[in-house]
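Remarks on the structure that follows.
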Amino acid sequence: MATKQTWKTFYQRLAYLYYAIAKADEKIVPEEIARVREIVRKEWVSLETTEDEFGSDAAFQIEIAFDWLVEQKPSAEKALEKFEHFVEEHPDFLTRKLKQRILDTSTSIADSFHGTNKLEERLLERLGTALGK
């Protein structure tokens, strides 16, 4: 069973993945940021009931971490590696259904601005490999 801390870390690392996809072409556009926010509310907030230390749904860690990453500007590669590391460290945490949700939401972010480009496609393929899909 996953702990509250595991869920919180998962959401933070998911932000790294979403950032990597948005940053794949070296620029993050408003449409991608809006799509991340929409995905948090539609796909992640209702998933489970973990709260952060302030009593907010822990899924909002995605937005908080994503905004921080936009300010810090790490490379897409470094951000993706952070998510991959989480996957390696928590193989039993990611259920088949959760992996599919990750793939679907990641694809949605890639498609949010003029469709998926070649760089985003490569990241999505790498994600699929990391998730065993």
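Residue numbers start at 1 and run along the sequence shown.
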No-hydrogen, no-angle side-chain donor-acceptor test under 3.5 Å, [X] and [Y]:
X      : Y      : value
Thr3   : Thr6   : yes
Glu125 : Thr129 : no
Thr50  : Glu48  : yes
Asn117 : Glu121 : no

Rounded to the nearest 0.5 Å, how far does [atom2] of [Y] lie from [atom1] of [X]?
X      : Y      : atom1 : atom2 : answer
Glu63  : Ser56  : CD    : OG    : 10.5 Å
Leu123 : Asp25  : CG    : CG    : 10.0 Å
Trp44  : Ile39  : CH2   : CD1   : 9.5 Å
Leu94  : Gln100 : CG    : CD    : 12.5 Å
Lys82  : Leu14  : NZ    : CG    : 14.5 Å
Ser108 : Lys42  : OG    : NZ    : 9.0 Å

Quick one, [X] and [Y] - any side-chain contact, counting heavy atoms below 4.5 Å?
X      : Y      : value
Thr105 : Ile109 : no
Glu32  : Val29  : yes
Glu38  : Arg41  : no
Ile33  : Phe66  : yes
Leu98  : Leu47  : yes
Tyr19  : Leu80  : no
Lys4   : Trp7   : no
Val36  : Glu31  : no

Transitively linked via ILVMFWY side-chain contacts under 4.5 Å: [X] with [Y]?
X      : Y      : result
Leu69  : Ile64  : no
Leu124 : Leu103 : yes
Leu17  : Phe93  : yes

| Partner set under salt bridge (Lys or Arg N to Asp or Glu O under 4.0 Å) for Glu71, not counting sequence neighbours | none
| message | My understanding is that only one of Gln61, Glu53, Glu51 makes a side-chain hydrogen bond (donor to acceptor under 3.5 Å, both in side chains) with Lys8; could you say which? | response | Glu53
| field | Non-hydrogen atoms of Ile21 and Ser106 that approach each other most closely | value | CD1-CB, 3.2 Å
| query | Which atoms form the tightest heavy-atom contact between Ala15 and Ala65, and what is the distance? | reply | CB-CB, 3.5 Å
| message | Would you say the rings of Phe83 and Tyr18 are close, in the sense that their centroids are separated by under 6.0 Å? | response | no
| task | Give the intermediate values and the outcome of salt bridge (charged side-chain N to carboxylate O under 4.0 Å, His left out) for residues Arg37 and Asp67. | result | CA-CA 10 Å; Arg37 294 192 189 314; Asp67 290 346; 2.8 Å; yes
| request: Report the C-alpha distance between Tyr16 and Phe86 in whole Å, list the side-chain angles of each, state the deciding distance to 0.1 Å, and finish with yes or no for side-chain contact (heavy atoms from CB on, under 4.5 Å). | output: CA-CA 10 Å; Tyr16 278 81; Phe86 178 87; over 6 Å; no
| message | For His85, is the NE2 atom crowded, meaning more than 12 foreign heavy atoms sit under 6.0 Å from it? | response | no
| field | Over-ring placement of Arg13 relative to Phe10, 6.0 Å and 45° cut-offs | value | no
